[in-house]
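Data block below; observations after.
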Amino acid sequence: HPAGRHLFTEIVDPGTDTRWRDYVRYALERGCLSAMSVPLPVPEPLGAGLNVYARTPGAFDDESRRAAIELARSAGVAVSNVYANQNERERARNLATALESRAVIERAKAILIERFGLTADQAFQTLARVSMQTNSKLRDVADRLVMTGELPGLP
């Protein structure tokens with residue numbers, strides 16, 4: 001077909017189509033006598049498609065196929081933009097959390113350096129050791145020290 005048959009899947013008549021028996025039976029029970037599915041061009045790991053159904057067999061011509069392919073392209077751009085936007089928001093949240101964690105860890109290191117005369121590396125190793133011993137996140141150990149002045153295993 002000129003519309004690019006390889007770009008979509010079509011069921012012209014579910015009464016004679018033998019590819020997806022369960023789906024075809026389900027479609028027939030609901031009055032679907034033609035179906036067309038066009039994949040949306042979206043980034044991995046997304047998978048999306050535009051599905052069009054009709055109540056008559058052989059309902060789609062080359063013009064409707066071309067229109068579905070073009071609509072799928074446009075929808076793919078929209079879906080891709082939403083996905084990219086969500087990824088950027090997540091990245092921004094992760095960066096903010098990382099910066100916040102780094103700040104509290106640096107404050108906790110400063111407390112240990114002042115209290116025990118440790119080097120910055122020794123202070124970090126102390127926080128890491130307590131984190132492992134208590135099965136806690138390093139940031140949580142640092143936060144506890146900053147907020148309460150307490151660190152399990154230290155005076």
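Just so it is clear, the model here is predicted, and its values are computed rather than measured.
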*Separation of Phe124 CZ from Ile113 CD1 (nearest 0.5 Å)*: 12.0 Å
_Assigning hydrophobic clusters by single linkage (Ile, Leu, Val, Met, Phe, Trp, Tyr; side-chain heavy-atom cutoff under 4.5 Å), is Ile11 placed with Val52?_
no
*asked:* We want to know whether Asn85 and Arg89 form a side-chain donor-acceptor pair, criterion being a heavy-atom distance below 3.5 angstrom.
replied: yes
_Contact summary for Asp17 and Glu10, nearest pair of heavy atoms_ = OD2-O, 4.3 Å
*Side-chain (Ser37) to main-chain (Asn51) donor-acceptor, under 3.5 angstrom*: no
*Point-to-point distance, once rounded to the nearest 0.5 Å, from NZ of Lys109 to CG of Leu118*: 11.0 Å
_Donor-acceptor under 3.5 Å (Ser34 side chain, Val12 main chain)_ = yes
_So does Val42 get a backbone contact from the side chain of Ser80, meaning a donor-acceptor N/O pair under 3.5 Å?_
no
_Check for me whether Arg55 meets the cation-pi criterion with Tyr53, that is, NZ or CZ under 6.0 Å from the six-membered ring centre and within 45 degrees of the ring axis._
no
*Which value, rounded to the nearest 0.5 Å, describes the distance between Gln86 atom CD and Arg91 atom CZ?*
12.5 Å
_Close side-chain approach of Val130 to Leu145, heavy-atom, < 4.5 Å_ = no
_Using modelled atom types and a 3.5 Å cut-off, is there a donor and acceptor pairing between side-chain atoms of Arg65 and backbone atoms of Phe60?_
yes
*Between Ser64 and Asp61: side-chain donor-acceptor atoms closer than 3.5 Å*: yes
_Gap between atom CD1 of Ile111 and atom CD of Glu106 - 0.5 Å precision_ = 12.0 Å
*Who pairs with Thr148 by side-chain contact (heavy atoms from CB on, under 4.5 Å), at least two apart in sequence or on another chain?*
Arg144, Glu150
*Treating Ile, Leu, Val, Met, Phe, Trp and Tyr as nodes and any side-chain heavy-atom pair under 4.5 angstrom as an edge, say whether Leu71 and Ile69 lie in one connected cluster.*
yes
_A side-chain contact here means heavy atoms from C-beta on lying under 4.5 Å apart; do Pro45 and Tyr83 qualify?_
yes
*Are Met36 and Val24 co-members of a hydrophobic cluster defined by side-chain heavy atoms under 4.5 Å apart?*
no
_Do Leu33 and Leu28 make a side-chain contact, defined as non-hydrogen atoms from C-beta onward lying under 4.5 Å apart?_
yes
*Check side-chain contact (heavy atoms from CB on, under 4.5 Å) between Arg139 and all other residues, then give those that pass, not counting sequence neighbours.*
Glu100, Ser101, Val104, Asp143
*What about Leu46 and Val38, same hydrophobic cluster or not, with Ile/Leu/Val/Met/Phe/Trp/Tyr joined at side-chain heavy-atom distances under 4.5 Å?*
yes
*When hydrophobic residues are tied together by side-chain contacts of less than 4.5 Å, even through go-betweens, does Val141 share a cluster with Phe116?*
yes
_Separation of Thr119 OG1 from Gln125 CD (nearest 0.5 Å)_ = 9.0 Å
*Between Thr56 (side chain) and Ala59 (backbone), is there a donor-acceptor pair under 3.5 Å?*
no
*Roughly how far apart are Leu151 CG and Arg115 CZ, rounded to 0.5 Å?*
8.0 Å
